[in-house]
Asker: 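Pasting in a structure now, in structure tokens, and then I'll have a few things to ask.
Owing to the predicted nature of the structure, the values given are computational and were not obtained by experimental measurement.
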Amino acid sequence: MDAAQGAGPIVDWWAYAHRHPLRCRLAVLGTDAREVVTHAGGWLFDRSMAGWDVNAVLADVTDLRPLQILGASVLELEGPLAVPVHHTWPDALAVAPDLLRTDSRVRDGVRNCLEHDLIEIVLWGPLPEEFASHVEVMSHRLSSAARAFKERALAATDLETGTVPVIEGFHSNAASLATARGAVNVPSVR
């Protein structure tokens, strides 16, 4: 998505964000499709099949097919990050640890969301120390369909698939967010 394809990534993001205003939205920020599929592909698929609008927001958008197999739309990272005021927020945000370390806009935004219990934050992999106290270890048991689709998506990234694990592990603020909002039942990462 570049200026040659229309009005530019900021306008493209704005139009996309307003296309489905009543669906729950999950935004997954990552460096590339391979990383997102490897670490969160099954969870992403299960959320998509549950009716969520799933968007993979990537720094490198050269390989879209693996995420499209999982039911995600792919957006360029700079579009949403370039907008100074966000009128449309996702209900959940999953973030790759590399982006937390390398992009101050992502790091500051995630920190703000965690400190103020704004939305569900899901992180994978080794975390920067400053985020560890805001999240708990969580896991997601992949559906049979998620495992099959994740296997196909991994194959599309040219990774040797082997057996797709039944569980994907994360760090999340879901429990503290539920407590802050006064929920009786704590939601799982599912």
Asker: Taking only distance into account, with no hydrogens and no angle test, what donor-acceptor pairs under 3.5 Å do side-chain atoms of residues 56-66 form with protein atoms, sequence neighbours excluded?
Answerer:
from	atom 1	to	atom 2	distance (Å)
Asp60	OD1	Thr62	N	3.0
Asp60	OD1	Thr62	OG1	2.7

Asker: To the nearest 0.5 Å, tell me how far Cys24 SG sits from Arg47 CZ.
Answerer: 8.5 Å
Asker: Just jot down the side chain to side chain donor-acceptor pair (under 3.5 Å) partners of Gln68, sequence neighbours excluded, or say none.
Answerer: none
Asker: Could you tell me whether Arg141 and Glu168 make a salt bridge, using a distance below 4.0 angstrom between a side-chain N and a carboxylate O?
Answerer: no
Asker: I'd like to check Trp43 versus Val122 (side-chain heavy atoms, cut-off strictly below 4.5 Å). Are they in contact?
Answerer: yes
Asker: Between Ile121 and Asn173, what is the shortest heavy-atom contact and its length?
Answerer: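 Scanning both residues, the minimum pair turns out to be N-OD1, 2.6 Å.
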Asker: Is the shortest distance from a Lys or Arg side-chain nitrogen in Arg101 or Glu129 to a carboxylate oxygen in the other one below 4.0 Å?
Answerer: no
Asker: Over all heavy atoms of both residues, which pair between Ser172 and Met138 is shortest? Give the atoms and the distance, please.
Answerer: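 Heavy atoms only, the tightest pair is CB-CG, 3.5 Å.
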Asker: I'd like to check Val166 versus Leu142 (side-chain heavy atoms, cut-off strictly below 4.5 Å). Are they in contact?
Answerer: no
Asker: Is any side-chain heavy atom of Val37 closer than 4.5 Å to one of Leu70?
Answerer: yes
Asker: Before giving the answer on side chain to side chain contact (heavy atoms under 4.5 Å, CB included), spell out for Asp108 and Val106 the whole-Å C-alpha distance, their side-chain angles and the decisive distance to 0.1 Å.
Answerer: CA-CA 6 Å; Asp108 295 344; Val106 172; over 6 Å; no
Asker: Give the minimum heavy-atom separation between Lys150 and Gly42, together with the two atoms involved.
Answerer: CD-N, 3.7 Å
Asker: Rounded to the nearest 0.5 Å, how far apart are NE2 of His140 and CH2 of Trp124?
Answerer: 14.0 Å
Asker: Could you give the distance from CD (Glu120) to CG (Leu114), rounded to the nearest 0.5 Å?
Answerer: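 Answer for the CD-CG pair, Glu120 versus Leu114, is 11.0 Å.
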Asker: Using a 4.5 Å cut-off on heavy atoms from C-beta on, say whether the side chain of Phe131 contacts that of Pro97.
Answerer: no
Asker: Might you work through the side chain to side chain donor-acceptor pair (under 3.5 Å) test for Asp46 and Ser143, ending with a clear yes or no?
Answerer: CA-CA 7 Å; Asp46 281 336; Ser143 67; 2.6 Å; yes
Asker: For Asn55 and Val28, run side chain to side chain contact (heavy atoms under 4.5 Å, CB included): C-alpha distance rounded to whole Å, both residues' side-chain angles, the deciding distance at 0.1 Å, then the answer.
Answerer: CA-CA 6 Å; Asn55 303 291; Val28 183; over 6 Å; no
Asker: Shortest non-hydrogen contact from His134 to Glu130?
Answerer: CD2-O, 3.5 Å
Asker: Could you tell me whether the side chain of Ile69 reaches within less than 4.5 Å of the side chain of Leu67, counting heavy atoms only?
Answerer: no
Asker: With a 4.5 Å limit on heavy-atom distance, are the side chains of Glu136 and His171 in contact?
Answerer: no
Asker: Tell me whether Phe149 at atom CZ has more than 12 heavy atoms from other residues, nucleotides or ligands lying less than 6.0 Å away.
Answerer: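 Open.
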Asker: Measuring from Leu100:CG to Arg111:CZ, what's the distance to the nearest 0.5 Å?
Answerer: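 Between atom CG of Leu100 and atom CZ of Arg111 there are 9.5 Å.
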Asker: Between Thr102 and Asp98, is there a donor-acceptor pair closer than 3.5 Å when you use the side chain of the first and the backbone of the second?
Answerer: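 Side chain of Thr102 to backbone of Asp98, a donor-acceptor pair under 3.5 Å: yes, one is there.
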Asker: Between Arg34 and Asp158, is there a side-chain heavy-atom distance shorter than 4.5 Å?
Answerer: yes
Asker: Quick one: CG on Leu26 to CD1 on Ile119, what's the gap to the nearest 0.5 Å?
Answerer: 9.5 Å
Asker: To the nearest 0.5 Å, how far apart are OG in Ser104 and CG in Leu99?
Answerer: 11.5 Å
Asker: Any side-chain heavy atom of Asp91 within less than 4.5 Å of one from Trp52?
Answerer: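 Yes, side chains in contact.
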